[in-house]
Amino acid sequence: MEKIQTFLWYDNQAEEAAKFYTSIFKNSKIIGNMPGQNGKPMGVTFELEGREFIAFNGGPHWTFSGATSFFINCETQEEVNYFWEKLSEGGHKDRCGWLQDKFGVSWQVIPTALGRLMSDKDRKKAGNVMQAMLQMTKIDIKALNDAYDKE
């Protein structure tokens with residue numbers, strides 16, 4: 001068991017959310033369920049990419065906000081496209097690589113190229129990348145590289 005785990009409070013969709021996330025991430029699994037009422041689990045422990053999460057059916061008292069998000073480091077545009085489409089299904093696509101899934105959980109789907117290009121010592125090139133990114137919804141690696149190469 002990890003010392004610190006992410007605990008996600010849902011109204012009554014914990015099991016649905018755990019199944020949704022484990023269907024998207026390749027290295028994932030449902031670890032166990034906490035018994036609840038009427039045969040429905042009160043909570044579900046699951047793992048995504050080696051990190052454990054607890055999804056809990058706690059009722060409508062708390063909801064998710066964009067103040068907390070999960071950041072996915074993507075190596076390729078194909079990976080960006082995959083997570084962007086899968087996680088935003090039934091949710092909301094936002095600016096600069098942010099989205100909310102159908103449960104209201106916020107995600108950032110970001111190519112590793114963005115950090116590399118924006119931390120370049122040539123501040124003009126890095127600024128061009130920043131300006132390009134600010135115009136995007138889903139992050140486009142080719143467009144970032146084009147902005148970086150712009151004179």
Side-chain angles (χ1 to χ4, degrees), residues 1-120 126-144 147:
M1 177 179 282
E2 294 178 344
K3 185 90 167 165
I4 298 174
Q5 290 178 288
T6 301
F7 187 94
L8 301 167
W9 181 294
Y10 295 87
D11 182 5
N12 61 6
Q13 312 95 333
E15 185 176 35
E16 180 187 351
K19 287 178 178 177
F20 177 69
Y21 301 135
T22 57
S23 76
I24 293 171
F25 290 87
K26 291 180 179 79
N27 290 326
S28 66
K29 62 185 175 185
I30 302 234
I31 297 170
N33 293 322
M34 288 183 266
Q37 297 177 346
N38 304 322
K40 187 173 186 172
M42 178 177 276
V44 180
T45 302
F46 62 101
E47 185 178 293
L48 304 177
E49 299 294 337
R51 177 177 212 102
E52 279 190 24
F53 295 82
I54 299 170
F56 183 76
N57 287 325
H61 312 293
W62 302 102
T63 59
F64 297 108
S65 97
T68 301
S69 64
F70 295 107
F71 191 102
I72 305 172
N73 288 300
C74 299
E75 295 299 325
T76 65
Q77 189 64 51
E78 291 75 23
E79 195 177 15
V80 169
N81 296 346
Y82 172 80
F83 286 115
W84 185 258
E85 293 309 319
K86 294 289 188 180
L87 287 167
S88 66
E89 187 176 299
H92 173 74
K93 297 172 182 176
D94 213 340
R95 314 258 323 138
C96 304
W98 287 68
L99 63 86
Q100 290 80 45
D101 67 28
K102 62 185 175 180
F103 305 104
V105 175
S106 294
W107 298 83
Q108 296 179 63
V109 181
I110 306 296
T112 56
L114 179 63
R116 181 176 40 79
L117 295 171
M118 286 182 53
S119 62
D120 193 277
N128 289 346
V129 172
M130 171 67 89
Q131 290 308 308
M133 186 267 306
L134 290 173
Q135 303 307 309
M136 297 177 186
T137 304
K138 176 177 67 177
I139 304 299
D140 179 329
I141 296 172
K142 182 183 180 323
L144 295 176

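Since the model is a prediction, treat every value here as computed from it, not as a measurement.
- Residues E15 and I30 form no side-chain contact, since every pair of their non-hydrogen atoms from C-beta on lies 4.5 Å or further apart.
- Residue F103 comes nearest to F64 through the heavy atom pair O-CD1, 3.4 Å, listed as atom of the first residue, atom of the second, then distance.
- Annotation for E52: atom CD counts as buried by contact number, over 12 foreign heavy atoms lying within 6.0 Å.
- The backbone N or O of D11 lies less than 3.5 Å from a partner atom in the side chain of Q13, making a donor-acceptor pair.
- Here the rule is side-chain hydrogen bond (donor to acceptor under 3.5 Å, both in side chains) with N81, and of Q77, E78, E85, E79 only Q77 fits it.
- Environment of NZ in K102: crowded, with over 12 heavy atoms of neighbouring residues, nucleotides or ligands closer than 6.0 Å.
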Show your reasoning for whether side chain to side chain contact (heavy atoms under 4.5 Å, CB included) applies to M136 and L144.
-> CA-CA 10 Å; M136 297 177 186; L144 295 176; 3.7 Å; yes
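- For K29, the salt bridge (charged side-chain N to carboxylate O under 4.0 Å, His left out) criterion is met by no residue, not counting sequence neighbours.
- A donor-acceptor pair under 3.5 Å is formed between the side chain of S23 and the backbone N or O of F20.
- Note that the CD1 atom of I24 and the CG atom of D101 stand 7.5 Å from one another [nearest 0.5 Å].
- The number of heavy-atom neighbours closer than 6.0 Å to CD of Q37, taken from other residues, nucleotides and ligands shown, is 12 or below.
- Residues D140 and K142 come closest through the heavy atom pair OD1-N, 3.0 Å.
- Between K40 and N12, the closest heavy-atom pair is NZ-O, 2.7 Å.
- S106 places a side-chain heavy atom less than 4.5 Å from the side chain of Q100.
- Residue R51 places its CZ atom among 12 or fewer non-hydrogen atoms of other residues, nucleotides or ligands, all under 6.0 Å distant.
- Scanning both residues, T137 and D94, for their nearest heavy atoms gives CG2-O, 2.9 Å.
- Counting heavy atoms from C-beta outward, I72 and L87 have side chains that approach closer than 4.5 Å.
- Identified under the ring pair (Phe, Tyr, Trp, His ring centres under 6.0 Å) test for residues 69-89, with sequence neighbours left out: F25-F83, F53-F70, F70-W107.
- When all heavy atoms of A18 and F46 are compared, the closest pair comes out as CB-CD2, 3.6 Å.
- Looking at I139 and I110, their side chains come closer than 4.5 Å, going by heavy atoms from C-beta outward.
- In this structure a side-chain-to-backbone donor-acceptor pair under 3.5 Å is present from N57 to A14.
- Residues satisfying the side-chain contact (heavy atoms from CB on, under 4.5 Å) test with L134, not counting sequence neighbours, are C96, M130, Q131.
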Does the ring pair (Phe, Tyr, Trp, His ring centres under 6.0 Å) test come out yes or no for F7 and F56, once each step is laid out?
-> CA-CA 7 Å; F7 187 94; F56 183 76; 5.4 Å; yes
Show your reasoning for whether side chain to side chain contact (heavy atoms under 4.5 Å, CB included) applies to V44 and K19.
-> CA-CA 9 Å; V44 180; K19 287 178 178 177; over 6 Å; no
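- Of the inter-residue distances, the one linking E47 atom CD with N27 atom CG reads 8.5 Å to the nearest 0.5 angstrom.
- Across all their heavy atoms, C74 and V80 have their closest contact at CB-CG2, 3.6 Å.
- Annotation: the span from E49 atom CD to K26 atom NZ amounts to 8.5 Å, rounded to 0.5 Å.
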